[in-house]
Each structure stands twice: as C-alpha cells, then as structure tokens.
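Chain naming here is simple, since letters A, B, ... match the order of the sequence lines and numbering starts at 1 in each. Just so it is clear, the structure is predicted and the values come from calculations on it, not from any experiment.
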Amino acid sequence: GLILLFYLVFYGFLAALFTFTMWVMLQTLSSDIPKYRDRISSPGLMISPKPDTALEFYFNRSDTQSYAEYVSTLRKFLESYDDSKQSQNINCTPGRIFDQNDVAIKKACRFNLSELGQCSGKEDKTFGYSKGTPCVLVKMNRIIGLKPEGEPRIHCVSKEEGMVEINYFPPEGLIDLMYFPYYGKSLHAHYLQPLVAVQLAIHSNSTKEEIAIECKILGSPNLKNEDERDKFLGRIAFKVQMTE
Amino acid sequence: EDHKLTASELEGKYGTNINRGLSSARAAEILARDGLNLLTPPKATPEIVKFLKQMVGGFSILLWIGAVFSWISSGIQIAQGADSPFDNLYLGVVLALVVILTGIFAYYQEAKSTNIMASFSKMVPQQALVIRDGEKKELPAEHLVVGDIVEIKGGDRIPADICLIAAQGCKVDNSSLTGESEPQPRSCDFTHDNPLETRNIAFYSTTCVEGTATGIVINTGDRTVIGRIASLASGVGNEKTPIAIEIEHFVYLVAGVAVSIGVLFFIISVSMRYQILDSIIFLIGIIVANVPEGLLATVTVSLSLTAKRMAKKNCLVKNLEAVETLGSTSIICSDKTGTLTQNRMTVAHLWFDNQIYSADTSEDQTTQPFDQSSPTWTALSKIVALCNRAEFKPGQENIPIMKRVVVGDASETALLKFSEVLLGDVMSIRGQNKKVAEIPFNSTNKFQLSIHETDDPNDKRFLLVMKGAPERILERCSTIMINGKEEPLDSEKAEAFQTAYMELGGMGERVLGFCHLYLPENEFPDTYSFDTDSMNFPSSNLCFVGLLSMIDPPRSTVPDAVSKCRSAGIKVIMVTGDHPITAKAIARSVGIISATSETVEDIAKRLNIPVERVNRREATAAVVNGMELKDMSLQELDEILCNHSEIVFARTSPQQKLIIVEGCQRQGAVVAVTGDGVNDSPALKKADIGIAMGIAGSDAAKSAADMVLLDDNFASIVTGVEEGRLIFDNLKKTIAYTLTKNIAELCPFLIYIIASIPLPIGTITILFIDLGTDIIPSVALAYEKAESDIMNRRPRNKQKDRLVNHQLAIYSYLQIGIMQSVGAFVTYFTVYAEQGFLPLSLLGVRVDWENNDINDFEDSYGQQWTKYQRTYLQWTGYTAFFVSITIQQVADLIIRKTRRNSIFQQGLFRNKVIWVGIFSQIGIALILTYGLGHVTALNFTPLRFQYWFVAVPFAVLIWVYDEVRKLLIRRYPGSKRVFL
C-alpha cells in the first residue's frame with residue numbers, strides 16, 4: 001500500500017516535472033517561426049495527386065473510375081486556390097521577392113487558377129485524364145523564410161524519349177518569386193504556395209507503357225536538386241502508365 | 001598384494017631378473033601394452049566447446065534470436081520489395097557481430113587466466129636409473145614398465161610404484177600421498193597387510209629423502225596408487241561457483257523482463273493493428289534495449305582485474321569466477337604446516353637456571369632478547385653449537401641467517417641457526433673445538449654425543465657434550481648447573497625439571513635436553529684415543545645444563561589474518577596430520593582457538609571432573625583426533641561442526657579432509673580448503689574453492705585447485721577474501737549502473753509503439769551506449785574502494801544476498817531508470833519542437849512519418865518536410881536521446897560509487913579510474929556525434945551544443961534523489977522501506 005502510494009507520488013512528481021520542463025521549453029519558442037530551420041534548408045518537391053501506392057499513376061483514359069481518385073484529389077487540392085477563397089489575397093508584383101518583414105500582418109499573394117491553363121480544371125473537369133493528357137501539379141515544399149534566387153522553374157524529363165510531350169503551366173514551369181518568402185502558418189494564414197502544372201501528352205503509341213518522369217527545380221542556385229540521399233530534394237520522380 | 005611376495009616370486013610374476021632386469025625387447029612389448037608411465041591429465045574441455053559456450057551463454061541467445069528475427073524480417077521485406085530492406089539485414093549482422101565479439105573477448109579473458117596456470121604444470125622430464133639387459137641405464141621415467149628393476153637414491157622422486165628388493169637406510173617422504181611429512185623408513189621387509197602401510201613399497205611421486213634402494217616396478221602410470229587417487233579426484237564433480245549462480249540468476253531476471261516486455265508489446269502492437277513485420281521489429285528493439293550487451297564482458301574484465309590484483313598479493317586464481325567465491329567463503333579449512341606456520345623448526349623456549357626463557361620465533365630474527373649473562377647459558381650455548389652435525393651449505397655468507405640452506409635435519413637446523421644468531425660464526429667455533437669422537441643420534445639411544453678439544457689453550461681437558469630426549473639425558477646426569485655452578489641433582493631440582501619439561505611439552509614443542517662433562521685430564525690425556533663402539537669414556541654422571549624446545553612457529557602475519565577472518569564471520573578450521581597437542585598449541589597461538597575458549601578437555605581439567613561429565617555445549621573449541629573422526633557418524637560430525645566455533649582436526653589423513661569439507665558444506669557453508677598433497681585433490685575439488693600451495697603443493701593439488709597460493713601463506717587467503725568481497729560489492733554497483741539505462745533505452749520503444757511518435761532512439765544507437773560509452777565507466781566501478789570495512793561483516797548468505805536482488809532491479813528500473821527516461825524525453829521533445837514539431841503534433845504521426853512517399857509532411861509551423869529531412873531529424877533525435885542518456889549516466893555513475901555513504905564521505909577523487917570513465921564516456925559521445933556524425937550508417941548527427949545540457953538538471957536530480965535515499969538509509973538502517 002505504502003509502496004504503491006510512494007510510486008504514485010514519485011511518478012506524479014516526475015510527470016509534473018516533465019510537464020513543467022516542457023512548458024518552460026515551449027515558452028522559449030515563438031509561435032510564429034520555429035527556432036531552427038537548419039534541417040530544411042532546401043525545399044523538397046511533391047506532386048498532387050499522390051497515388052496511394054508509391055508514386056505511380058495507373059489509369060485507363062476511357063474508364064472514369066480508374067482516375068476518379070486523381071481527379072477528386074486535384075479538385076480538393078485546388079479548392080483553396082478558388083477565386084472566392086482568395087478575396088483577401090493581393091496582387092503582387094511578379095518577378096520580385098515579396099518582402100514583408102516590417103509588416104505586422106502578412107499578406108498572401110494571389111495565385112490565379114487560370115495560370116494553370118488546361119490543368120486548372122475549369123475547362124476540362126477531368127484534368128486531361130480522359131484525353132490522355134493527364135495533369136500533375138508539382139509544388140515546392142513550404143519553408144519559412146526561403147527566398148529562391150534566380151528564376152526558379154520546374155523542368156521535367158521523361159527517361160524514355162518520344163513517348164510523351166510535356167507542357168508546363170504557367171509557361172516554362174516558372175515559379176514566381178513574389179510568392180516568397182513564406183512567413184509560417186500563423187502569420188501567413190492565407191498563403192498559397194505557387195503551383196506548376198505539368199501536362200503529359202502521352203503519345204498514342206506509348207499507351208500501356210510505363211513512363212518514368214523526373215521533375216527538377218532548375219534556375220535557382222540556392223535550391224538544391226542533386227542530393228544523393230534525398231531523392232525528393234528539389235526533384236521528384238514518378239511513373240505514369242495509361243491504357244485505353 | 002605384490003608386497004607379500006618375495007623377490008624371487010616377483011621375478012617370476014613379472015618375468016624379470018633382479019640382476020639383469022628386463023630385456024629391451026620385452027620392455028618395449030610391455031610398454032606397448034601398458035602405455036607410458038604417466039598420469040593422464042584431467043580431461044580438459046576442448047577449446048572449441050569453451051568458445052561455443054561463450055557464444056551461446058548468457059544473453060547471447062537473446063541477441064541471436066534478435067539477429068535471426070532481423071534477418072527474417074529483412075527477408076520478408078526483400079520479398080515485398082520494400083524500399084530499404086537492408087536496414088534490418090545490417091541490424092542482424094551487427095547483433096551477430098556483437099555476440100561474436102563479446103564472446104571472443106570473454107573467451108580471450110578466460111584463456112588468459114588459464115594460461116598463467118599452464119606454466120605451472122610444466123615439469124622437468126624425470127630420469128630413472130634402470131637395469132635392462134644387465135646394464136644400468138638412464139631412461140626417461142615415462143618409459144618405465146612393470147618388471148623393470150630401478151635403483152633410487154636420496155633426493156630422487158620415485159618413478160613408479162616399486163616393491164623394494166634391497167634397501168640401505170632408505171627413507172621416503174610420503175607427504176604427497178598421505179600428508180605426513182615425517183620421512184618414513186623403507187626396507188625390503190613386508191611389514192603390513194595394507195600396501196599403503198607396508199615398508200617394502202615405495203610409491204610413485206613420493207621422494208626418497210635419504211639412503212638407497214633397488215626395487216621392481218609393480219605399477220605404472222594411472223595404475224599407481226597416486227594415479228588411482230588422481231582419477232578419483234577427477235570424478236568429484238565441479239560445483240558451480242557462487243558468482244556463476246548469481247550471474248545466471250541475473251541473466252534469467254533480465255532475460256525474463258526482456259522477453260516478457262517484448263512479448264507483451266508484441267501482443268499490444270499486433271492488437272493495435274500494427275503489421276506482424278513491424279511488431280517483430282519492435283520486438284527486436286525491445287530485446288536489444290533490454291539486454292545489457294556489454295555487461296557480461298564488463299563482469300569478466302572486472303573479475304580479471306581483481307584476479308590480477310590478487311595475483312600481486314600471491315593469490316593466483318585459475319578460474320576467474322573463483323575470485324568472488326573466495327569472497328563469499330564462510331569456512332576456511334586450513335592446513336597447519338607451511339600455511340599457518342613457517343614450516344621450519346625454530347627454537348622457541350629455553351630452560352636453564354630453573355627458569356624458562358622465550359626466544360624470538362619471527363621470520364627474520366637477528367638477535368635474541370632473553371638474558372644471556374648467566375654462565376649456564378655460556379655452557380649451554382657451547383653444547384648447542386658443538387653437539388650438532390648440521391652445516392650451512394657453503395657460499396651463503398651474505399644471506400640472512402634464517403634464510404640460509406642447511407644440510408641436516410629440522411631440529412639440528414633450528415639449533416644451528418639459533419646458535420649462529422647468538423654466537424656468530426658457529427663453524428669457526430667448531431673448528432676451535434675440534435671434534436675427536438661422536439655418536440650420532442639414533443632411535444634406540446635417543447641421544448647424540450660428541451667429544452671435543454676445548455678452545456682454551458690452557459685447558460687440556462676434553463669436553464663431552466650430549467643432547468637428546470630430556471628424560472634420557474636426565475637419567476645420565478648426577479649434577480645440574482645453576483648459575484654456572486654444578487649442584488647435585490636432588491629430587492627438588494628434578495621436580496623443577498619435570499615441571500619445565502611438562503610445560504614446554506604442553507605447548508606442543510619438541511624438547512631437547514643438554515648436558516656436558518669435562519673429562520678429567522689425568523684420565524684422558526690429549527693423546528687418548530676414543531672409541532665410540534666400546535664407549536671407553538663416561539656417559540653417565542654428567543652435568544645437566546638446560547632444555548631447549550622447538551616448534552614450527554606460526555607465520556607472524558597469521559594471528560592478524562585469523563582475527564580478521566573472525567571479524568569477517570569466517571570460521572577457520574585447522575586440519576592437520578600433526579599431534580593434537582602441537583596442533584592445539586599452534587591453534588592457540590594464532591587465535592584459531594581464542595584465548596578465552598576452552599575445549600571439553602580443558603573444562604574437565606579446570607573443574608577436575610571426567611571428560612564425559614562436561615556439558616559439551618559449554619565448550620566453544622574442539623580438538624578432534626583423526627582416530628575419533630574415523631568412528632564418528634555423519635551426524636556426530638555435523639554436531640561438532642555446528643556446536644563449536646573453533647575446531648582443530650589433528651592427526652587427520654588427507655582422505656578425512658574430504659569428509660570434513662563435505663560436513664561443512666552440509667551446513668550450507670561456502671568452504672575454502674587448502675592443500676598440497678596429491679591426496680588432497682579430492683577435497684580441493686570438492687571444496688567451493690580449493691587452494692593449492694604454490695611452493696609445497698604437488699602438481700595434482702594445483703590442477704585440482706581453483707586457486708594457487710604463491711607464498712603458501714594463510715594471510716594471503718584473507719587478502720583474497722577481502723578482494724573477493726570487494727568485487728562482489730562492486731559488481732553490484734556495475735550491474736545497477738548498467739541496468740538503469742536499459743529503461744531509458746526501452747521506454748522510447750514502448751512509447752513509440754503506444755503513442756506512435758517518431759522513434760526516439762535507434763537500435764544501433766542503443767548498442768553504441770551499451771558497448772561504447774558505458775563500458776569503461778562500468779569497469780571503473782570495479783576499482784571502487786570499499787565503503788566500510790568489508791571484513792567486519794558476515795559472509796554473504798548464498799540464498800539471501802543476491803548479486804541482483806529485487807530492490808536493486810526495482811530501484812534501477814523503476815526509479816532512476818524512469819528519471820533518466822524523462823530527462824531524455826525532454827531533450828527529444830526539445831529537439832523536435834525547436835525544429836518545428838511541437839510535442840503534441842508528434843503523437844500518432846508514426847505511420848505518415850515513416851511513409852517513404854510522403855515528402856510534404858507538414859510541421860506545426862506549416863513547413864513541409866521530405867522523408868529524408870524527417871529521417872535526418874529523427875537521427876538528430878537519436879543523437880539527442882543518446883547524449884542525454886550519456887549525461888545522465890555520468891550522474892548514475894557517481895551515485896553508484898556508493899550504496900550507503902554520501903559521495904562527500906566517499907570522496908569523488910579517490911577512485912581516479914571513475915574519472916577516466918566519465919571522460920571516456922563524454923569523449924566517446926563527442927566523437928560519435930561530431931566526429932562520426934556524417935556517417936549515415938551510424939545514425940548520428942552533429943548536435944547543437946546546448947542540447948547536451950538539457951538533461952543536466954535531471955542528472956542533478958538523480959544525484960540529489962540518491963543522496964536523499966542514502967541519507968535515509970544511514971538514518972534508518974535496516975528499514976525495509978528504503979530501497980536497495
């Protein structure tokens with residue numbers, strides 16, 4: 001009995017101590033930006049939609065069911081980019097870093113869905129999947145305070161030549177600098193990360209083939225894309241296989 | 001039976017010829033049939049078996065299971081085509097390597113300590129003088145065969161069991177067989193039915209002290225009496241050492257905890273819908289975290305360090321585990337001669353002028369303190385110097401007198417050294433007093449007589465000196481010298497003599513009487529020719545001068561050692577072949593029988609009642625004669641061992657030693673036994689720790705023993721006991737230290753499984769703690785000094801005082817271990833929070849966190865992380881967790897230095913090795929984090945410097961907490977509430 005009480009008190013004390021030290025530690029943190037960002041100095045690339053099984057797209061252009069998942073994911077993803085949601089966002093000066101360090105309330109820059117052209121889902125509700133020109137959105141991971149240098153753009157190549165034609169929206173896959181830097185979830189609540197839509201026009205003779213695509217971020221000296229160990233740092237590889 | 005045959009019957013039986021011996025051809029035939037004349041060495045465990053034992057012993061099995069599971073799961077992963085199937089393969093390889101390397105290490109340590117012993121067993125090949133083909137030949141003793149005729153002479157070792165057919169003044173020392181050190185005469189007469197008692201057989205491995213003999217070899221090799229005893233010894237099973245039992249108990253305890261937690265969490269994780277494969281991987285992690293991989297190696301190192309320390313103190317330990325056995329010893333059965341005593345006769349008392357004087361009997365006497373002014377002493381000293389045939393071997397002028405080698409028997413040697421100390425150069429005194437006639441000592445007349453010229457040129461008289469058994473000497477005397485004057489020997493003076501004689505004899509001393517006579521010049525002119533056969537000189541009506549008594553005195557360090565044993569709760573039992581009176585006298589003088597205690601006989605004498613009427617319970621001491629022991633039932637022996645705290649067994653045969661040892665073991669005691677003879681080897685084997693004498697011991701005794709006492713000194717056993725106790729205490733500390741961090745290694749896995757947080761510490765990292773940072777500190781604890789006088793407490797109770805008891809385990813696991821875990825988790829959460837993952841956001845993220853395809857994992861600030869970035873952060877978490885455990889292990893190390901005393905009492909700087917430990921610990925951690933932080937396979941990353949200090953408050957807390965516990969334990973000793 002006494003021993004049980006002892007352990008109750010002892011562990012109670014330890015729990016309290018733990019909570020207290022954690023609380024003290026949390027007090028030293030800012031709620032706006034993390035203390036250190038040295039583990040993410042360079043952003044990774046990611047695509048949407050993201051297939052469940054690895055990064056491999058399998059669909060039949062004539063079977064709506066086979067790509068319904070992709071389409072709904074894209075639709076959902078682009079909801080926040082809808083004009084109605086961007087009423088508070090401002091139009092920023094393209095081509096320039098949008099520095100708001102001195103401003104208390106950070107504004108988010110507008111990203112017009114129309115920039116995504118045929119992949120905006122406006123004209124083609126299936127994002128090209130039904131036409132054999134599936135769209136994949138490539139986005140760069142958000143990193144607080146990251147200011148890309150140069151003219152960053154997404155560039156994709158297919159390992160197998162002559163199977164697919166790649167189109168970018170916005171043209172040339174450019175990522176505008178005005179969306180940077182990011183100020184973090186709490187300060188920059190309405191922030192939308194810039195997107196690049198990659199439209200893969202798969203040649204008709206290449207259906208049923210597995211096409212490996214690798215996208216990289218180019219044109220910016222401070223965005224790494226050749227890291228040996230991190231296969232997603234400034235690049236992403238995925239596969240597409242379309243049947244008819 | 002061969003001893004009953006006559007020489008010619010033997011000739012017939014063995015097909016040999018006394019004069020011509022065997023023919024070489026016949027000898028070769030018999031050799032081929034019987035084999036070499038050698039004792040088969042005890043079967044040693046093959047090296048490979050020893051090695052494999054190390055590979056599967058202890059925790060190795062658990063680790064092997066872990067390794068096999070790793071391989072299985074990696075196989076499954078490969079089959080499933082997972083992204084990183086080789087991680088588990090590597091883990092399996094690492095685990096296997098850990099087992100193999102620690103196994104090799106333990107094996108090497110073990111082998112090293114065995115090798116010290118190997119040097120002992122090397123013997124010079126022995127030669128024997130054999131008659132073959134009618135010629136005398138020198139042959140190696142191994143080539144002797146039954147029927148060979150061998151000749152032996154003084155100094156030889158008997159090369160086989162031989163039946164004597166001719167002997168001249170032959171005496172053998174059978175001590176290696178029977179333990180009796182008195183040389184025994186050998187002749188060709190059949191004197192006794194028992195081959196061991198009859199005079200016409202000389203036994204293999206005994207030595208011929210003097211004389212010559214010729215005999216027929218009747219037994220060779222293992223068929224000799226010694227060979228049969230040696231094989232008897234190898235039949236006595238080797239008991240498990242107490243420390244082996246303790247370690248086994250500890251391994252079971254820890255393995256039990258590991259397996260049950262592992263299985264429990266396996267079930268939990270399966271029921272939490274984890275995949276079986278993941279659950280298996282968790283199981284491996286839990287096992288690795290729970291098993292103190294480095295501990296057994298540490299224990300081995302600690303034991304061998306102690307063994308080394310003991311070797312410096314003249315205790316050579318053959319079996320590492322015996323180091324601790326000595327510490328838990330509760331009864332020591334010790335030999336007398338050579339172990340408790342100096343093994344040389346020394347003059348202890350003198351009686352002249354009606355007074356007893358004591359002489360100094362210490363090992364390095366240079367003068368004697370007693371009053372030497374009396375003219376009687378001058379006369380006595382002259383007799384002592386002259387009536388003596390012993391001589392120093394030449395060329396020893398620079399050696400201290402007591403250490404010089406003397407040719408002569410034990411008593412004469414004692415007398416020679418005694419007079420050399422007192423008179424100076426005895427040889428020149430003998431030269432000045434030329435010997436003209438001599439009758440040497442023999443057992444019928446029991447005296448020795450010699451006639452000398454005197455060194456006084458004006459005195460032309462001859463001096464007749466005589467020494468011998470006091471009563472015989474007195475018979476021949478009519479006067480006695482008192483203060484230099486001859487006085488008639490009346491009954492009153494004879495009475496005084498008797499009293500003195502009785503008193504000296506009662507002290508167990510060998511007493512000699514001395515007398516002299518100046519032969520009248522007119523009857524014995526200097527041209528007189530003395531004839532010892534016709535005795536043409538007076539040998540009665542002499543003048544009695546004094547008595548000298550001799551004893552083999554106790555070593556000067558022994559009384560102290562015995563009293564140390566007494567305060568350490570160790571019973572010392574003397575087992576000797578000597579006479580009870582001598583044994584009792586020595587026992588009293590060294591304190592085995594303390595000054596106040598009495599035997600039954602003493603009480604009877606004091607109360608003047610017959611022995612039978614004495615209440616046996618009143619007697620604390622007992623002197624048991626070997627003859628009594630022979631007729632005793634086991635119960636009676638048990639009763640004696642139980643009821644008397646001070647026991648001397650006298651006139652015991654080495655065989656009875658085994659009975660005594662078994663009796664002690666029936667009392668539940670851990671018994672240490674000393675022995676030197678071949679016949680002691682069964683007892684040495686049977687004992688929990690057999691101690692062979694390094695100098696006097698036979699090879700058989702040394703090979704049966706667990707320990708060899710290099711200086712044959714009892715006091716060395718006691719220092720060994722002290723070391724053994726210390727290492728037991730220190731091993732407790734080491735284990736407590738090691739077990740503590742296992743919880744801090746285990747908790748991460750449990751919380752990882754239950755709360756699904758990113759894994760706080762990796763399996764490889766755990767191995768780096770267990771086999772890296774923690775090794776040197778835990779060995780350093782072996783150097784810790786004793787907290788209090790460990791020789792003031794009773795020997796540990798085998799059943800109660802475990803190496804690892806529940807209190808120790810609970811205190812380490814549930815208190816200090818948990819505190820460590822909390823400290824480490826604070827660091828872990830701090831690292832993650834400062835990188836953007838607030839503590840609450842980590843809960844339940846495991847599946848997504850570990851998903852290779854999620855490369856935009858969002859943290860609490862809206863940033864997105866690739867898988868590799870997360871993994872790298874996870875490694876940083878490992879490193880932080882690792883560093884925190886290391887830092888808190890420093891505190892753990894400091895608290896484990898003592899179990900009761902405050903660190904302020906024990907002092908932080910007395911054990912310098914602890915500091916080596918602390919610095920190595922931190923140094924290794926620094927190297928791992930900053931030096932090897934870029935080697936991906938090791939899962940370490942360079943860590944921000946401040947994270948080293950997050951756990952420091954917890955380290956301080958651990959220290960303060962333990963100081964409070966120690967304060968409580970000192971304030972309220974014996975309270976069960978206080979842990980450990």
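In this structure, F881(B) has its ring center closer than 6.0 angstrom to the ring center of F825(B). Side-chain rings of F265(B) and F749(B) stay apart, their centers remaining 6.0 Å or farther from each other. Checked against the 6.0 Å centroid criterion, the rings of F882(B) and Y878(B) do not qualify as a close aromatic pair.
When the candidates L17(A), D38(A), L55(A) are compared by the number of heavy-atom contacts under 4.5 Å with chain B, D38(A) comes out ahead. Ranked by non-hydrogen atom pairs under 4.5 Å with chain A, the options Y868(B), Y872(B), Y861(B), F857(B) are led by Y861(B). Interface check for chain A: of the options Q835(B), K867(B), M819(B), R870(B), the most heavy-atom pairs under 4.5 Å are formed by Q835(B). The most heavy-atom pairs under 4.5 Å with chain B, out of R37(A), M25(A), R229(A), M140(A), come from R229(A). Ranked by heavy-atom pairs under 4.5 Å with chain B, the first of L233(A), T21(A), I143(A), I144(A) is I144(A).
Salt-bridge annotation for K741(B) and D892(B): absent, with no side-chain N of the basic residue lying under 4.0 Å from a carboxylate O of the acidic one.
Applying the 6.0 Å contact sphere to CD1 of I105(A) captures no more than 12 heavy atoms from other residues, nucleotides or ligands. For F20(A), the CZ atom sits in a loose shell: 12 or fewer heavy atoms of surrounding residues, nucleotides or ligands are nearer than 6.0 Å. Residue L840(B) qualifies as open at atom CG: its count of foreign heavy atoms under 6.0 Å is 12 or below.
Taking the six-membered ring where tryptophan is involved, the planes of Y961(B) and F10(A) are tilted, since the angle between them lies from 30° to 60°. Ring-plane geometry between F111(A) and Y81(A) is classed as perpendicular, the angle between the planes exceeding 60 degrees on a 0 to 90 degree scale with a lower cut at 30.
Partner of Y70(A) under the ring pair (Phe, Tyr, Trp, His ring centres under 6.0 Å) criterion, chosen from Y58(A), F57(A), F77(A): F57(A).
In this structure, no portion of T871(B) lies under 4.5 Å from any heavy atom of chain A. At a 4.5 Å heavy-atom cutoff, the contact between L814(B) and chain A is made by backbone and side-chain atoms alike. For S42(A), the part lying near chain B is the backbone, with the side chain staying farther off; criterion is any non-hydrogen pair under 4.5 Å. Contact of K231(A) with chain B is not made at all, since no heavy-atom distance falls under 4.5 Å. For F954(B), the part lying near chain A is the side chain, with the backbone staying farther off; criterion is any non-hydrogen pair under 4.5 Å.
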(message) Between T929(B) and T879(B), is the side-chain hydrogen bond (donor to acceptor under 3.5 Å, both in side chains) condition met? List the steps.
(response) CA-CA 7 Å; T929(B) 34; T879(B) 313; over 6 Å; no
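Within residues 178-195 of chain A, the residues having any heavy atom less than 4.5 Å from a heavy atom of chain B are, in residue-number order, Y182(A), G184(A), K185(A), Q193(A).
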